[in-house]
Colleague: 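Here you go, one structure.
Just so it is clear, the values below take in all heavy atoms, side chains as well, and ignore hydrogens, waters and symmetry mates.
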Amino acid sequence: MKKVLVTAGLSNLGRAIRKVFEDNGYDVYYTVSSEEKKDGEKAIVLDLRKEESVEALPFFFSTLDALINNAGIFTEGKQESLPSSLFDEVFAVNMKGLFLVTKALLPLLKASDGAIVNISSMNAIHPGFGTTAHYDASKGAVSAYTRSLASETSLRVNAVAPGLIERQGLLGSELEKHWKAHTGGREMMKTEDIAKLVYFLSEAKGIYGQTILIDNGYTLF
């Protein structure tokens, strides 16, 4: 049975990614941020901001076929007043944490000729809704890292760049109305659709170093 690790497996997108891999016969492991959140034997407690925590990851696996770097945080704020601590926090999770997890598991993934799928964002190539330059930069770094790592390792390393993801707090909001007025699909992105693309990239042959937009056409307008 193939094995996959999904970081931040309890997030809405993380749960959807786990489900699509489980439905396709994978043995699915996932990370959680604290012991209190551990909800099963496949849950691995991990602080991906700390190298000493991440270094223990390989001991959970004898083999690994896919890594889904889903963990990330989103914050916003005008750049002239943004605390440098907030900038550091976003990069610590969105980029450094992704790097540390990938570095720790690369030997296993090379041994299996496995795949890596990183979660980037449409903000990597588009300013989104404003006041997110630090977040946008972190996701731009994810996409750049994806390309370079695929070149360096010859592994199938790719990224998915979602647009606005549907969640309860956005339903009926001005942001939802703006999104629907500026997209071809006229709806927010659903986690299950993003998860299907993640799974496709983990299995697809011949795709290397790409960041695939899934934004209902928002960046076209």
Colleague: Answer yes if Val28 and Leu201 sit in the same cluster of Ile, Leu, Val, Met, Phe, Trp and Tyr residues linked by side chain heavy atoms under 4.5 Å apart, and no otherwise.
Modeller: yes
Colleague: Does any non-hydrogen side-chain atom of Glu55 lie less than 4.5 Å from one of Leu100?
Modeller: no
Colleague: Which atom names give the shortest non-hydrogen contact between Ser11 and Ala8, and what distance separates them?
Modeller: OG-O, 3.0 Å
Colleague: Atom CD of residue position Glu41 - does it have more than 12 heavy atoms of other residues, nucleotides or ligands inside 6.0 Å?
Modeller: no
Colleague: Minimum heavy-atom separation for Ala115 to Ser202, with atom names?
Modeller: CB-O, 3.4 Å
Colleague: From Lys110 NZ over to Leu105 CG, what is the distance, rounded to the nearest 0.5 angstrom?
Modeller: 12.5 Å
Colleague: Say whether, by atom type as modelled, one donor and one acceptor occur between the side chain of Ser121 and the main chain of Ala124 under 3.5 angstrom.
Modeller: no
Colleague: If I take atom CG from residue Asp65 and atom CG from residue Asp113, how far apart are they, to the nearest 0.5 angstrom?
Modeller: 10.0 Å
Colleague: Give a yes or no on whether the backbone of Leu164 and the side-chain of Trp179 come within a donor-acceptor separation of less than 3.5 Å.
Modeller: no
Colleague: Working note: Thr191 + Arg15, criterion side-chain contact (heavy atoms from CB on, under 4.5 Å); need CA distance, chi angles, decisive distance, verdict.
Modeller: CA-CA 9 Å; Thr191 55; Arg15 291 179 189 276; over 6 Å; no
Colleague: For the NZ atom on Lys42, are there more than 12 heavy atoms of other groups (residues, nucleotides or ligands in this structure) within a distance under 6.0 Å?
Modeller: yes
Colleague: Would Tyr218 and His126 count as a close aromatic pair, with their ring centres under 6.0 Å?
Modeller: yes
Colleague: Are side-chain heavy atoms of Leu13 and Asn70 found at a separation under 4.5 Å?
Modeller: yes
Colleague: Answer yes if the side chains of Thr132 and Glu76 hold a donor-acceptor pair under 3.5 Å, and no otherwise.
Modeller: no
Colleague: Output, in order, the C-alpha distance, side-chain angles, deciding distance and verdict of side-chain contact (heavy atoms from CB on, under 4.5 Å) for Asp27 and Lys2.
Modeller: CA-CA 6 Å; Asp27 193 9; Lys2 286 186 175 182; over 6 Å; no
Colleague: Taking atom types as modelled, find out whether Tyr145 and Asn69 have a side-chain donor-acceptor pair closer than 3.5 angstrom.
Modeller: no
Colleague: Got a sec: does the CZ of Phe59 have more than 12 other heavy atoms crowding it under 6.0 Å?
Modeller: no
Colleague: Backbone N or O of Gln210 within a donor-acceptor pair of the Asn158 side chain at under 3.5 Å?
Modeller: yes
Colleague: How many angstroms lie between atom OH of Tyr29 and atom CG of Leu57, to the nearest 0.5 angstrom?
Modeller: 12.5 Å
Colleague: Is it possible for you to say whether Val117 and Leu155 belong to one hydrophobic cluster, with membership spreading through side-chain heavy-atom contacts below 4.5 Å?
Modeller: no
Colleague: State the CZ-NZ distance between Phe61 and Lys3, to the nearest 0.5 angstrom.
Modeller: 7.5 Å
Colleague: Is there a side-chain contact (heavy atoms from CB on, under 4.5 Å) between Phe87 and Ser138? Walk through the geometry before answering.
Modeller: CA-CA 9 Å; Phe87 178 95; Ser138 75; over 6 Å; no
Colleague: How many angstroms lie between atom NZ of Lys139 and atom CG of Asn118, to the nearest 0.5 angstrom?
Modeller: 8.5 Å
Colleague: Determine whether Val54 and Leu46 make a side-chain contact, defined as any pair of heavy atoms from C-beta on separated by less than 4.5 Å.
Modeller: yes
Colleague: Using 4.0 Å as the upper bound for N to carboxylate O, is an ion pair formed by Arg49 and Glu89?
Modeller: no
Colleague: Tyr208 versus Ser151: any side-chain heavy-atom pair under 4.5 Å?
Modeller: no
Colleague: Verify the distance criterion only: is there a donor paired with an acceptor across the side chains of Ser112 and Thr63 at less than 3.5 Å?
Modeller: no
Colleague: If hydrophobic clusters are built by linking Ile, Leu, Val, Met, Phe, Trp and Tyr wherever their side-chain heavy atoms come under 4.5 Å apart, do Val93 and Ile165 end up in the same one?
Modeller: no
Colleague: Is the cationic atom of Arg18 (NZ for Lys, CZ for Arg) positioned less than 6.0 Å from the six-membered ring centroid of Tyr30 and within 45 degrees of its normal?
Modeller: yes
Colleague: To check you understand the geometry: which heavy-atom pair defines the closest contact between Met95 and Val142, and what is its length?
Modeller: SD-N, 3.9 Å
Colleague: Quick one: do Lys180 and Glu176 make a salt bridge, cutoff under 4.0 Å?
Modeller: yes
Colleague: State whether the side chain of Asp215 and the backbone N or O of Met122 hold a donor-acceptor pair below 3.5 Å, judged by distance alone.
Modeller: no
Colleague: So which atom in Pro58 and which in Ala104 form the shortest heavy-atom distance, rounded to 0.1 Å?
Modeller: CG-O, 3.2 Å
Colleague: Judged by atom type as modelled, is there a donor-acceptor pair below 3.5 Å linking the side chain of Glu152 to the main-chain atoms of Ala150?
Modeller: no
Colleague: Assigning hydrophobic clusters by single linkage (Ile, Leu, Val, Met, Phe, Trp, Tyr; side-chain heavy-atom cutoff under 4.5 Å), is Ile68 placed with Ile207?
Modeller: yes
Colleague: Give the minimum heavy-atom separation between Thr7 and Ala71, together with the two atoms involved.
Modeller: OG1-N, 2.9 Å
Colleague: Would one find more than 12 heavy atoms of other residues, nucleotides or ligands at under 6.0 Å from atom CZ of Phe200?
Modeller: no
Colleague: Hey, does Phe74 have a side-chain heavy atom less than 4.5 Å from the side chain of Val90?
Modeller: no
Colleague: Nearest heavy-atom pair of Asn24 and Val20: which atoms, and what distance?
Modeller: ND2-O, 2.7 Å
Colleague: Looking at CG of Asn123 and NE2 of His134, how far apart are the two atoms once the value is rounded to the nearest 0.5 Å?
Modeller: 10.5 Å
Colleague: I'd like to know if the side chain of Ser33 pairs up with that of Asp47 as donor and acceptor (distance under 3.5 Å, no hydrogens or angles considered).
Modeller: no
Colleague: Keeping Asn216 on the side-chain end and Glu187 on the backbone end, is there a donor-acceptor pair under 3.5 Å?
Modeller: yes
Colleague: What I want to find out is whether Glu174 reaches Lys177 closely enough, with some N-O distance under 4.0 Å, to be called a salt bridge.
Modeller: yes
Colleague: Can you check whether Ile119 reaches Val198 side chain to side chain, under 4.5 Å on heavy atoms?
Modeller: yes
Colleague: Given the rule that I, L, V, M, F, W and Y join up when any side-chain heavy atoms are under 4.5 Å apart, are Val160 and Val157 in one cluster?
Modeller: no
Colleague: Given salt bridge (Lys or Arg N to Asp or Glu O under 4.0 Å), test Lys19 with Glu192 step by step and report yes or no.
Modeller: CA-CA 9 Å; Lys19 184 178 187 304; Glu192 56 265 34; over 6 Å; no
Colleague: Under the criterion side-chain contact (heavy atoms from CB on, under 4.5 Å), which of Val4, Leu5, Leu108 is the partner of Leu67?
Modeller: Leu5
Colleague: Test Thr146 against Ile116 for side-chain contact (heavy atoms from CB on, under 4.5 Å), laying out the working first.
Modeller: CA-CA 9 Å; Thr146 296; Ile116 300 170; over 6 Å; no
Colleague: Keeping the roles fixed (side chain from Arg156, backbone from Ala204), state whether a donor-acceptor pair exists under 3.5 Å.
Modeller: yes
Colleague: In the structure I gave you, are the side-chain heavy atoms of Thr102 and Leu106 within less than 4.5 Å of one another anywhere?
Modeller: yes
